[in-house]
Amino acid sequence: MKRKVFCMSMFELVTAGAMILLYAGSTIAWAQERDRSKIADKYKWNLTDIYSSDEAWRQAKEKFAAEFPRVEKFKGTLGKSAQNLLQCMESLDLLGKEYARLAIYASFASDIDTRDSKYLGMRQEISQVGSAFGASASFVQPEILTIDAAVLESFYIREKKLEIYRHKLSDLLRTKQHTGTEGEEKILADASLVTGAAAGIYSIFTDAEFPYEKITLSDGKTVLIDRIGFNLYRTSDNREDRKKVFDVYFAKINDFRRTFGTQLYEQVKSDMFTMKARKYESSLQSALDGDNIPLDVYRSLIKNVNANLETFHRYLALRKRMLGVAELHYYDLYVPLVSKVNAKFSVDEAEANVLASLTPLGNEYAAVTKKAFSERWVDMYPTEGKRNGAYSQGGLYDVHPYMLMNYNGKYDDMATLAHELGHTMHSYFSTKKQPFTNAGYPIFLAEVASTFNEALLNDYMLKKIKDDDERLAILGNYLDAVKGTLFRQVQFAEFELAIHELAEKGEALTGDKLNALYLEITRKYYGHDKGVCIVDNPIQSEWAVVPHFYRTFYVYQYSTGLIASSALSEKVMAGDKPATERYLNFLSMGGSDYPITLLQNAGVDLTSPEPFQLTMKKVNRAIDEMEKILNKRK
Ligand SMILES: [Zn+2]
C-alpha cells in the first residue's frame with residue numbers, strides 16, 4: 001500500500017505534475033542549432049516567472065529554511081481545536097507552495113544545462129532542506145489519526161474554512177483501520193529493511209550479473225543478447241535472426257527459472273506480509289487501497305479485455321498479413337509493421353496542428369494553449385547539455401505549468417507536444433479552480449489528459465494527411481501502442497493477480513509453476529490455440545524479464561488511463577456537448593476527490609463495459625482503415 005505523505009502535498013504535486021515521457025535517443029532530424037544562446041527567446045523557458053534571479057532564489061530559500069521549523073509549534077495541539085488544525089494546515093500549504101517553487105526552479109535550471117554544477121548544487125541544497133521540512137512536519141499525520149471522527153465533524157461546523165481539507169482529512173482517516181499502534185508502525189517501518197530484498201536482488205542479478213548469451217546474426221555480426229540487445233535485435237527484418245534472438249534469450253532465462261521463481265515468490269510473500277500487517281484481505285486490496293480504487297475496477301479490466309480479445313486477434317491477423325507470413329509467431333511481434341511517418345513538421349506547424357486538433361475543446365482551452373506557446377511555458381529545442389525526453393511540470397501553484405521538450409521535427413515529437421500539453425492543461429485548470437491542497441491530480445489519472453490530446457491530434461492528422469504511406473504509419477503506430485499499453489499490460493495484470501491469489505491460498509510458487517501459468521495466460525491472449533499467433537514454448541519464462549512485477553499491481557494503470565481517455569475522446573470527437581463539458585470540468589477537479597469518483601463524474605465508469613467498447617470501436621476503425629488501404633494496393 002502506498003503510504004500517504006499527507007502533510008507534504010507539494011511532494012505529491014512535484015511528482016504527480018512531472019510525468020516524464022522518455023523517448024529513446026534524441027537523434028537530430030535536421031541540421032538544427034544546438035547552441036542555446038543562438039535560439040530565439042520565444043522557444044526558451046522564461047524562469048523569471050518563478051524567481052527574478054538565482055540570487056532571489058537564494059534569498060527565498062534562506063527565508064524558507066528559517067520559517068519551516070515554526071510548524072512544530074502545532075505539535076500536540078491539532079485535536080484540541082478546529083482553529084489549531086486549520087492554522088496548521090494553512091501553514092503547511094504556504095510552506096508547501098514555496099518549497100515546490102524552490103525545488104522546481106532549481107531542477108529546471110539544472111535540466112536546461114545538466115553540465116552546470118551550480119544548479120546541481122542548488123538541487124541538492126533544496127532537497128536537503130526538503131528532508132528537514134518533512135521531518136519537522138512528520139508529526140501531523142499520526143496526530144490527525146488520533147482525532148475522533150465525530151470531533152473532526154464538529155470542527156467543520158465550527159471552522160468553515162476547514163471544509164477545503166475535508167477530502168484529504170477523510171482520506172487519511174479512511175486508512176486508520178489499517179494503521180497500527182506506535183509499536184506496530186515501528187516494526188513495519190523497520191521491516192522495510194528486508195521487504196525490498198527480492199526487488200534488489202532481481203535488479204542486480206538481471207542488470208549486472210546475468211550471463212547473457214552472444215549470438216551470430218545472418219550478417220556475420222556477433223552480438224550480446226542482454227536486455228538491450230534483445231530489445232534491439234528482436235525488431236530485425238530477418239525472420240531467422242529474430243527467432244534466434246528470442247530462442248537464445250529465453251532459453252538462457254529458463255536455465256535460471258528456479259532463481260527467478262524464488263525471487264518473484266519472495267516479492268509476493270513480501271506483499272502478503274504487508275497485507276497481513278495492514279489487516280487487508282488480499283494483496284490486491286492492500287495495493288489498491290492507497291488510491292481507494294475498488295477491487296471491481298481491476299477485475300472488470302481483466303474481464304472486459306478478455307471479452308474483447310477478438311479485436312486484438314484482428315490486429316494480429318493484420319500484422320500477419322502485412323508481414324506476409326504463413327504463420328504468425330510471438331517473435332514476429334516487434335518488427336515494425338510500417339516505417340515511421342517521414343513527414344517533418346516545424347515547430348510552428350506542430351503548434352498549429354496541435355492547436356487545430358484541440359478545437360473540439362472550445363475557446364478557453366484554445367486561448368490557454370496559445371498562451372503556453374507565446375508566453376514561454378515551453379522549452380522547445382534540444383540544446384547542448386539539456387536533459388533528454390519531455391515532461392510537463394504543473395507543481396507551481398501561483399505561476400503556470402512549464403513543459404520541457406526536445407523537439408526534432410518528427411511526427412512523434414508533435415505527438416509528444418500534444419501529450420505534454422494535455423498534462424499542462426490538466427494542471428492549469430486544476431490549479432485555477434482548486435485550492436492548493438487539492439490542485440495536484442492523483443497518479444491514477446495522470447495519463448488521461450495527455451493521451452486524450454494524442455487521440456485528438458491523431459484524428460485530426462488522419463483527416464488532413466492524404467498520403468497512404470503516412471496514413472498507414474500513423475494508424476500502425478497507434479495500433480502498436482494499443483497492443484503495448486492495453487493488451488500486454490492487462491495480460492501482465494492477470495498474471496500478477498493469479499500468482500498472488502495462488503500464494504494467498506498457501507501454494508508455493510516455483511519457476512516451473514510460474515512458467516506454466518504464464519504460458520497459459522499468454523496463449524489465451526494471443527489466440528495460440530486458434531492459430532492467431534503461435535506462442536512458442538520458450539516464451540513461458542517471459543515473466544522473469546518483466547521488472548514491473550516488483551512494483552506490485554502497478555501496470556494495470558497504463559491500461560485504465562488509455563481506456564478512460566479513449567472513451568472520453570471518442571465522445572468529444574463525436575460532438576457530444578455534455579460529454580465535452582464533463583471532460584473540461586474533470587480537468588479542473590485536480591485531486592479534490594477519489595480518482596474513480598472523478599472519472600465517474602466525467603462520464604467514465606471503469607466497472608462497466610462501455611469505455612472498453614468505445615476503445616475497441618476505435619481500434620477496429622483503425623484496423624478497417626488500414627485494411628482499406630491495403631486492399632486498394634492489392
Ligand atoms: Zn505523460
Side-chain angles (χ1 to χ4, degrees), residues 1-9 11-12 16 71-72 74-93 96 134-159 161-192 195 270-298 435 437-438 440 442-444 552-553 591-598:
M1 158 180 179
K2 262 179 256 153
R3 300 267 77 196
K4 295 244 183 290
V5 191
F6 173 72
C7 51
M8 303 283 283
S9 50
F11 282 157
E12 286 168 26
V71 73
E72 286 178 49
F74 294 106
K75 205 168 178 172
T77 72
L78 301 184
K80 291 197 175 126
S81 80
Q83 220 190 4
N84 287 348
L85 182 60
L86 177 68
Q87 279 177 5
C88 178
M89 301 300 285
E90 286 180 341
S91 304
L92 282 170
D93 276 2
S136 276
S138 63
F139 70 93
V140 176
Q141 183 167 325
E143 207 173 306
I144 289 173
L145 280 175
T146 65
I147 306 175
D148 187 75
V151 172
L152 192 59
E153 214 43 56
S154 74
F155 281 6
Y156 293 126
I157 298 165
R158 227 164 295 157
E159 190 50 86
K161 284 185 186 163
L162 258 185
E163 267 308 318
I164 63 164
Y165 298 103
R166 184 184 275 276
H167 173 62
K168 235 167 205 182
L169 292 169
S170 68
D171 186 34
L172 187 61
L173 290 190
R174 186 178 64 81
T175 62
K176 198 171 181 171
Q177 51 176 317
H178 302 292
T179 307
T181 60
E182 209 179 323
E184 286 168 344
E185 286 298 320
K186 172 85 174 57
I187 293 171
L188 274 166
D190 290 343
S192 66
T195 48
S270 160
D271 297 336
M272 280 166 62
F273 166 78
T274 309
M275 154 199 129
K276 287 181 183 171
R278 296 248 169 247
K279 302 180 188 73
Y280 286 104
E281 281 161 24
S282 66
S283 302
L284 181 67
Q285 190 193 25
S286 163
L288 267 50
D289 196 47
D291 285 329
N292 201 21
I293 307 292
L295 298 187
D296 206 17
V297 167
Y298 198 93
T437 189
N438 292 332
I443 292 287
F444 186 84
T552 309
F553 297 118
S592 59
D593 210 328
Y594 292 117
I596 291 301
T597 314
L598 294 174

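Values below: every heavy atom of this structure, side chains too, minus hydrogens, waters and symmetry copies. The model shown is predicted, which means the values in this text are computed figures rather than measured ones.
Expressed to the nearest 0.5 Å, how far OH of Tyr165 lies from CG of Leu172 amounts to 14.5 Å. The NZ atom of Lys168 sits 7.5 Å away from the CE atom of Met89 when rounded to the nearest 0.5 Å. Annotation: the span from Ser282 atom OG to Leu295 atom CG amounts to 5.5 Å, rounded to 0.5 Å. Taking OG1 of Thr77 as the reference point, atom CG of Asn84 lies at 4.0 Å (rounded to 0.5 Å). In this structure, the separation between CG on Leu152 and CG on Leu162 is 7.5 Å, given to the nearest 0.5 Å. Here Phe139 contributes atom CZ and Cys88 contributes atom SG; the two are 4.5 Å apart, rounded to the nearest 0.5 Å.
Using a 4.5 Å heavy-atom threshold, the side chains of Ile144 and Leu85 count as touching. Contact annotation: the side chain of Phe444 approaches that of Ile596 to within less than 4.5 Å [non-hydrogen atoms, C-beta and beyond]. A heavy-atom distance below 4.5 Å is not found between the side chains of Ser81 and Leu86.
Counting heavy-atom neighbours within 6.0 Å of Lys279 NZ, excluding the residue itself, gives a total above 12. Residue-environment remark: CD (Glu182) stays at or below the threshold of 12 foreign heavy atoms within 6.0 Å. Applying the 6.0 Å contact sphere to NZ of Lys161 captures no more than 12 heavy atoms from other residues, nucleotides or ligands.
Here the shortest heavy-atom pairing between Leu173 and Ala149 reads CD1-CA, 4.3 Å. Scanning both residues, Thr179 and Arg278, for their nearest heavy atoms gives CA-NH1, 3.9 Å. The minimum heavy-atom distance linking Pro442 with Gly591 is given by the pair CD-CA, 3.9 Å. When all heavy atoms are compared, the tightest approach of Ser192 to Thr195 is CA-OG1, 3.3 Å. Closest approach of Leu78 and Phe155 over heavy atoms only: O-CE2, 3.7 Å. Contact between Phe273 and Ala191 at its shortest, heavy atoms only, is CE2-CB, 3.7 Å.
Look at Glu143 and Lys80 and you find no salt bridge, because none of the NZ, NE, NH1 or NH2 atoms lies under 4.0 Å from a carboxylate O. Ion pairing of Arg174 with Asp289 is present here, as a side-chain N (NZ or NE/NH1/NH2) and a carboxylate O approach within less than 4.0 Å. With respect to Glu153 and Arg166, a salt bridge is recorded, a charged nitrogen being found less than 4.0 Å from a carboxylate O.
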Kindly determine whether Ser592 and Leu598 satisfy side chain to side chain contact (heavy atoms under 4.5 Å, CB included), including the steps that lead there. CA-CA 8 Å; Ser592 59; Leu598 294 174; 4.1 Å; yes
Using the rule given for side chain to side chain contact (heavy atoms under 4.5 Å, CB included), can you reason through Tyr156 versus Leu169, listing the C-alpha separation, both sets of side-chain angles and the distance that settles it, and then say yes or no? CA-CA 11 Å; Tyr156 293 126; Leu169 292 169; 3.5 Å; yes
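Using a distance-only test at 3.5 Å, with no hydrogens or angles considered, no donor-acceptor pair links the side chain of Thr175 to the main chain of His178. Remark: side-chain polar atoms of Asp148 are paired, donor with acceptor, to backbone N or O of Ala150 under 3.5 angstrom. Within the 3.5 Å criterion, the main-chain N or O of Glu281 finds a donor-acceptor partner in the side chain of Gln285. A donor-acceptor distance shorter than 3.5 angstrom exists from the side chain of Glu184 to the backbone of Thr181, with no hydrogens or angles considered. No side-chain donor-acceptor contact under 3.5 Å links Glu159 to the backbone of Ala82.
With sequence neighbours left out, the side-chain hydrogen bond (donor to acceptor under 3.5 Å, both in side chains) criterion links Glu72 to Ser136.
Looking at Asp171 and Tyr594, their side chains do bring a donor and an acceptor atom within 3.5 Å of each other.
The aromatic rings of Phe553 and Tyr298 stand perpendicular to each other, their planes meeting at an angle above 60°, with 30° marking the opposite boundary.
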